[in-house]
Amino acid sequence: MSVNDRPSGRPASQPPKPYESAFLKACRREPVPHTPVWFMRQAGRSLPEYLKVREGVAMLDSCMRPELVKEITLQPVRRHKVDAAIYFSDIVVPLKAIGIDLDIKPGIGPVVAEPIRTRADLARLRDLTSEDVWYVTEAIGMLTEELGTTPLIGFAGAPFTLASYLVEGGPSRNHEHTKALMYGDPQLWADLLDRLAEITSAFLKVQIEAGASAVQLFDSWVGALAPADYRRSVMPASAKVFSSVASYGVPRIHFGVGTGELLGLLGEAGADVVGVDWRVPLDEAARRVGPGKALQGNLDPAVLFAGPEAIEAKTAEVLAAAEGLEGHVFNLGHGVLPTTDPDTLTRLVASVHERTAR
């Protein structure tokens with residue numbers, strides 16, 4: 001189904017409220033009143049109001065409290081006037097929901113108590129049901145009521161990145177255990193990624209059915225792979241995820257860090273929108289991705305520390321490189337850094353809107 005079709009399961013006469021939003025129009029490569037803007041990690045650490053409501057609440061616990069999720073998700077929409085909200089959660093939430101013993105350690109990230117490295121370990125990865133993540137359905141229901149015409153982006157971690165956390169036991173610089181499994185036991189690796197594709201697909205379906213207007217698949221670590229390895233050992237699982245939600249008709253975004261050599265493959269996996277980090281200009285990214293895809297990105301998050309003139313100049317560069325694209329969603333090339341001045345983000349949104357008003 002084309003992203004130009006309305007999502008199935010919703011009456012054709014009553015499309016979701018955000019359907020005509022600038023963000024969804026850009027994702028569908030339709031004319032927009034201005035270039036839409038949102039930021040990865042906009043709902044989080046850079047906002048004082050976020051730190052206040054999260055005080056004393058562990059990260060994973062905060063992801064399971066619908067009222068808190070609603071509040072955190074709405075904070076950047078209120079403050080920055082971004083064109084889309086992104087659901088506040090973490091990519092390891094579905095793994096926690098199916099019983100994997102993990103925690104998010106401050107200053108470290110997700111840590112898995114017992115890494116998954118053998119065929120017997122696969123049995124610990126059971127199917128995800130909507131009952132496992134009831135709090136997601138409840139939070140999204142509340143959010144869509146409040147957001148009105150502002151789209152909500154759902155998201156999940158891609159199979160490769162989830163596998164990396166599970167195999168390594170936590171964050172890794174070199175991914176040695178992950179790559180050893182991928183190269184040394186390709187069948188076990190394929191089975192692991194396929195199982196994770198099923199879990200990820202179920203998680204995205206819950207979000208879409210609850211009211212998410214678009215979804216983004218984060219493959220945060222996949223830039224560690226060569227294109228041939230990605231095509232052979234990772235793309236089938238990512239493609240399975242994208243295919244599983246295709247019938248809903250919502251835009252599907254694919255993003256990874258350090259993926260300049262993989263951009264064409266990220267689109268080939270089934271994304272409607274390919275996220276681009278700051279290392280590749282958008283006009284060159286469009287050449288690599290090929291026609292028929294919108295692009296998202298790609299201001300370097302560190303530019304936001306450089307002062308107003310530098311921010312304006314670099315923003316102009318991004319917008320100039322995006323001229324002529326079939327569709328463009330302005331974003332950073334990675335997430336908002338924790339010490340970013342929130343007012344800088346607010347001014348950036350207003351600047352992009354003003355520069356691109358049609």
Side-chain angles (χ1 to χ4, degrees), residues 1-3 27 91 94-95 116 122 125 128 154-168 172 174-205 214-248 250-277 279-280 284-298 334:
M1 177 182 286
S2 164
V3 295
C27 290
I91 64 171
L95 299 180
I116 288 181
L122 286 183
L125 296 174
L128 177 82
F155 75 91
F160 175 81
T161 291
L162 293 180
S164 296
Y165 277 115
L166 289 171
V167 174
E168 299 291 340
S172 172
N174 299 310
H175 313 287
E176 55 265 39
H177 295 294
T178 305
K179 290 185 177 183
L181 179 59
M182 184 177 73
Y183 296 135
D185 194 339
Q187 188 56 56
L188 174 57
W189 173 259
D191 293 344
L192 170 59
L193 258 65
D194 189 69
R195 186 74 59 87
L196 290 170
E198 293 284 352
I199 293 166
T200 299
S201 298
F203 190 51
L204 289 180
K205 288 176 181 178
V215 290
Q216 176 158 309
L217 196 64
F218 282 89
D219 216 345
S220 309
W221 289 3
V222 79
L225 297 181
D229 289 330
Y230 176 85
R231 180 182 288 280
R232 176 176 55 249
S233 302
V234 175
M235 195 163 82
S238 295
K240 182 173 183 175
V241 174
F242 285 124
S243 177
S244 77
V245 297
S247 64
Y248 292 95
V250 302
R252 299 159 296 173
I253 310 167
H254 202 1
F255 175 75
V257 185
T259 52
E261 297 301 319
L262 304 178
L263 287 172
L265 295 172
L266 296 184
E268 194 176 325
D272 305 298
V273 184
V274 176
V276 184
D277 74 13
R279 297 169 177 88
V280 180
E284 171 59 18
R287 188 189 67 78
R288 297 183 188 188
V289 171
K293 309 287 182 183
L295 296 185
Q296 179 175 279
N298 65 341
H334 198 192

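We number each residue from 1, following the sequence as shown. What you see is a predicted model, and the numbers here were worked out from it, not measured in a lab. FYI, side chains are in, hydrogens and waters are out, and symmetry mates aren't considered; it's all heavy atoms of this structure.
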Does any N or O in the side chain of [X] come within less than 3.5 Å of the main-chain N or O of [Y], such that one atom is a donor and the other an acceptor?
| X | Y | result |
| --- | --- | --- |
| Asp277 | Arg279 | yes |
| Lys240 | Ala197 | no |
| Gln296 | Val276 | no |
| Glu268 | Arg231 | no |
| Thr161 | Trp221 | yes |
| Asp272 | Arg252 | yes |
| Ser164 | Phe160 | yes |

Ring centre gap for His254 and Phe242 strictly below 6.0 Å: yes
Any heavy-atom pair between the side chains of [Y] and [X] that's under 4.5 Å?
| X | Y | result |
| --- | --- | --- |
| Val234 | Pro159 | no |
| Tyr165 | Ser172 | no |
| Thr200 | Pro94 | no |
| Leu266 | Phe255 | no |
| Lys205 | Val245 | yes |
| Asp185 | Trp189 | no |
| Thr259 | Asp219 | no |
| Val273 | Leu295 | no |

Would you name the heavy atoms of [X] and [Y] that are closest together and state the gap between them?
| X | Y | value |
| --- | --- | --- |
| Val280 | Asn298 | O-ND2, 2.7 Å |
| Leu193 | Ala163 | CD1-CB, 3.6 Å |
| Leu262 | Leu225 | CD2-O, 4.0 Å |
| Lys293 | Gly267 | NZ-O, 3.2 Å |
| Ala156 | Leu204 | CB-CD2, 3.6 Å |

Roughly how far, to the nearest 0.5 Å, is [atom2] of [Y] from [atom1] of [X]?
| X | Y | atom1 | atom2 | answer |
| --- | --- | --- | --- | --- |
| Glu168 | Asn174 | CD | CG | 8.5 Å |
| Leu95 | Leu125 | CG | CG | 7.0 Å |
| Leu265 | Met235 | CG | CE | 5.5 Å |
| Glu284 | Leu263 | CD | CG | 9.0 Å |
| Leu196 | Phe203 | CG | CZ | 13.5 Å |

Tyr230 and Val222: CA distance, side-chain angles, deciding distance, side-chain contact (heavy atoms from CB on, under 4.5 Å) verdict: CA-CA 8 Å; Tyr230 176 85; Val222 79; 3.5 Å; yes
More than 12 heavy atoms of other groups within 6.0 Å of Glu261 CD: no
Salt-bridge present (Glu198, Arg195; N to O < 4.0 Å): no
